[in-house]
Undergrad: 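Below you'll find the structure I mean.
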Amino acid sequence: MVHQQSSQGRLSPSGDTEDIVTLLAPRLAHFAGVARTEHVTRAAQEMNVPQSTLSRALVRLEADLGVDLFVRRGRTLALTVAGRTFLGSVERALAEVERAAEEVRADADPATGKVAFGFLHTMGAETVPGLLHAFRADHPRVRFSLVQNYGEAMLERLRAGELDLCLTSPVPDAPDLVARRLDEQKLRLVVPADHPLAGRRRIRLAEAADENFVTLEPGYGLRRITDALCKEAGFRPRVAFEGEEAETLRGLVAAGLGVALLPPPAVPRPGVVELTVTAPRAAREIGVAWLAGRTDTPPVAAFKRFLLSRRGHLLPD
C-alpha cells in the first residue's frame, strides 16, 4: 500500500500531543491487525469490520503520520521500515490498554474486586481490622487497598479519585462529598502516671487550663476538636509539642512532657492515666465519606452497605 506523502491533513512534528493521540488511537488496532495478517481482507474478517473501513483507516493513519507503513506485494502487504518501528510501539501500547482494562474489570468484580479504603491512624490497630474481618465473612475474596492518614488528606484523596470510601472525624460537610455519621468516640484527658491529677478518675477540662498540652498538628481533625473543647472550657491550650500520631502523643505524656485529649488506646499504655472528662462533653463523631455522584463498583457498594449497617456499633466495645 503505497501513497504519495501529501501534506494535507498531516500532523506536523510540533503538533499538540493530545491532538496526535486523539487522531491515532482509534486506528492503532486496525493497523496492528493488518500488520499481523499482512492482508486487509483477512484482517477485516478476523476483526469483524468491513474491509472498506479498514482500508480507509490505514490510509488516514499513514496520512496523519506522513509516512508509508506498508508496501503492497501482490495480494499481501508488507511493513516498511517505518511500519515495523511503529508496530513495536503500537503492540506495547495496545497490550498496556488491554492490561489496564483487565485490571479495572477485575477491581469491579462483585466477588473478587477491590475497595480503596482510607481511615484515621487511631482506627488502624483495632477498629478497621475488626471491620474487615466481619465484612470478609460474607465477601471472602474482596480485596482492599488500605490508606491511613489524617482526615483532610483522605478527603483530598477522595476528591482525586484515589479512595472509594474513608472513615474520618469530624464528619465532613462539603457539597462535593456525601458523609454519614456512624458512631461516637469518647475522648479522655491523658496525664502522666506521676501527675498530681493521676489520682483522679474524672475531671472538668477547665481544671487542666494551666497544663502543657501535647497535640496533633494543625489540620488534623483531633487537633480541631481539642482546640474547640478547650475553648468551650474557657481557655486556649498551651501547646508544648505537636505530633502526627496519637500513640506518639501518649509516649510524650508518659515522659512527663504534657497532657493530651485522646481517644481510648487499643492496648493500655503504662506510664499514663486516662481521666474521664465530665465537662464539656468530650467526644468525636466518626463518619464514612465518599465522593458525591460517583458510581460505585459492586464491591464498593457492598462495603458501603456494610459500614452503614454498623451505625452505632462501629467501634469496639
Side-chain angles (χ1 to χ4, degrees), residues 104 107-108 113-132 135 142-187 213 215-233 236-237 239 242-246 249 260-264 280-315:
V104 297
D107 287 349
K114 185 169 70 174
V115 180
F117 180 45
F119 51 92
L120 301 168
H121 289 285
T122 52
M123 310 194 78
E126 191 174 9
T127 300
V128 168
L131 289 172
L132 298 182
F135 176 74
V142 169
R143 297 168 291 126
F144 283 83
S145 174
L146 302 177
V147 174
Q148 291 177 265
N149 216 321
Y150 66 98
E152 285 301 320
M154 285 193 297
L155 298 184
E156 287 308 308
R157 295 188 73 164
L158 273 182
R159 293 182 171 104
E162 298 173 9
L163 290 176
D164 297 309
L165 302 164
C166 72
L167 290 180
T168 188
S169 177
V171 180
D173 181 13
D176 60 335
L177 300 176
V178 180
R180 297 288 183 268
R181 181 187 183 277
L182 296 179
D183 216 334
E184 182 181 87
Q185 188 175 46
K186 291 183 178 179
L187 302 178
F213 275 72
T215 70
L216 296 179
E217 294 179 350
Y220 283 66
L222 187 56
R223 172 62 180 273
R224 295 201 301 274
I225 293 170
T226 296
D227 290 345
L229 287 172
C230 290
K231 182 178 180 180
E232 188 176 349
R236 182 175 180 178
V239 177
E242 295 175 332
E244 296 181 344
E245 205 274 324
L249 300 188
L261 273 172
L262 295 172
R281 189 170 182 275
R284 65 171 180 171
E285 291 186 336
I286 306 295
V288 59
W290 60 88
L291 192 63
R294 181 173 177 176
T295 301
D296 294 331
T297 63
V300 171
F303 189 56
K304 182 189 292 184
R305 288 193 299 271
F306 168 78
L307 290 176
L308 294 174
S309 75
R310 304 285 292 222
R311 187 180 286 115
H313 304 282
L314 181 77
L315 303 173

Undergrad: So does Leu315 get a backbone contact from the side chain of Asp183, meaning a donor-acceptor N/O pair under 3.5 Å?
TA: yes
Undergrad: Can you measure from CZ (Arg223) to OG1 (Thr226) and round to the nearest 0.5 angstrom?
TA: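 Output value for this atom pair is 8.0 Å.
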Undergrad: If I take atom OH from residue Tyr150 and atom NE2 from residue His121, how far apart are they, to the nearest 0.5 angstrom?
TA: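 Answer rounded to 0.5 Å: 9.5 Å.
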Undergrad: Test Leu182 against Val171 for side-chain contact (heavy atoms from CB on, under 4.5 Å), laying out the working first.
TA: CA-CA 9 Å; Leu182 296 179; Val171 180; over 6 Å; no
Undergrad: What are the two closest heavy atoms between Gly221 and Pro170, and how far apart are they?
TA: CA-CD, 3.7 Å
Undergrad: Do you know which two heavy atoms are closest between Gly118 and Leu163, and how far apart they sit?
TA: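 Heavy atoms only, the tightest pair is N-CD2, 3.9 Å.
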Undergrad: Would you name the heavy atoms of Ala292 and Pro175 that are closest together and state the gap between them?
TA: CB-O, 4.3 Å
Undergrad: If you measure from CD on Gln185 to CG on Leu262, what distance do you get to the nearest 0.5 Å?
TA: 10.0 Å
Undergrad: Do the side chains of Asp227 and Lys231 get close enough for a salt bridge, i.e. N-O under 4.0 angstrom?
TA: no
Undergrad: Taking it one step at a time, do Arg294 and Asp164 satisfy salt bridge (charged side-chain N to carboxylate O under 4.0 Å, His left out)?
TA: CA-CA 9 Å; Arg294 181 173 177 176; Asp164 297 309; 2.9 Å; yes
Undergrad: With heavy-atom distances below 4.5 Å as the criterion, would you say the side chains of Glu152 and Arg224 are in contact?
TA: yes
Undergrad: Any idea which heavy atoms bring Pro172 and Ala289 closest together, and the distance?
TA: CG-CB, 3.9 Å
Undergrad: Would a 4.5 Å heavy-atom cut-off, applied to side chains only, mark Leu132 and Leu146 as touching?
TA: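 Yes, side chains in contact.
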Undergrad: Is Glu184 salt-bridged to Arg281, cutoff N-O under 4.0 Å?
TA: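 Yes, charged N to carboxylate O under 4.0 Å.
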Undergrad: For residues Met123 and Ile286, determine if any side-chain heavy atom of one lies less than 4.5 Å from a side-chain heavy atom of the other.
TA: yes
Undergrad: Indicate the ring-plane relationship of Phe119 and Phe117, choosing parallel, tilted or perpendicular according to the 30° and 60° boundaries.
TA: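 Phe119 and Phe117: tilted rings.
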Undergrad: Between CG of Leu222 and CG of Leu187, what distance do you get to the nearest 0.5 Å?
TA: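 If I round to the nearest 0.5 Å, the distance is 6.0 Å.
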Undergrad: How many angstroms lie between CG in Leu291 and CZ in Arg159, if you round to the nearest 0.5 Å?
TA: 8.0 Å
Undergrad: Test side-chain contact (heavy atoms from CB on, under 4.5 Å) on Lys114 and Ser145; report intermediate values, then the result.
TA: CA-CA 7 Å; Lys114 185 169 70 174; Ser145 174; 4.3 Å; yes
Undergrad: Measuring from atom CZ of Phe213 to atom CD of Glu242, what distance do you get when rounded to the nearest 0.5 angstrom?
TA: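 So the CZ of Phe213 and the CD of Glu242 are separated by 13.5 Å.
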Undergrad: Just to verify, which of Leu120, Leu155, Val288 counts as forming a side chain to side chain contact (heavy atoms under 4.5 Å, CB included) with Cys166?
TA: Leu155
Undergrad: Is there a donor-acceptor contact under 3.5 Å from the side chain of Ser169 to the main chain of Glu285?
TA: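 Between the backbone of Glu285 and the side chain of Ser169 there is a qualifying donor-acceptor contact (under 3.5 Å).
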Undergrad: We want to know whether Thr122 and Arg284 form a side-chain donor-acceptor pair, criterion being a heavy-atom distance below 3.5 angstrom.
TA: yes
Undergrad: So, for Ala283 and Ile225, which heavy atoms are closest and what is the spacing to 0.1 Å?
TA: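 Closest approach of Ala283 to Ile225, heavy atoms only: O-CG2, 4.2 Å.
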Undergrad: With the side chain counted from C-beta on, respond yes when Val142 and Phe303 share a heavy-atom pair under 4.5 Å apart, and no when they do not.
TA: no
Undergrad: Can you see which heavy atom on Asp107 is nearest to which on Arg143, and at what distance?
TA: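 Asp107 and Arg143 have their closest heavy atoms at OD1-NH2, 3.1 Å.
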Undergrad: Would you mind reporting whether Arg180 and Trp290 have side-chain heavy atoms less than 4.5 Å apart?
TA: yes
Undergrad: Is there a side-chain contact between Lys304 and Asp296 in this structure, where contact means two heavy atoms from C-beta onward sitting under 4.5 Å apart?
TA: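 Lys304 vs Asp296: side chains touch.
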Undergrad: Would you check if Val147 and Arg157 make a side-chain contact, meaning some heavy-atom pair closer than 4.5 Å?
TA: yes
Undergrad: Leu167 versus Leu131: any side-chain heavy-atom pair under 4.5 Å?
TA: yes
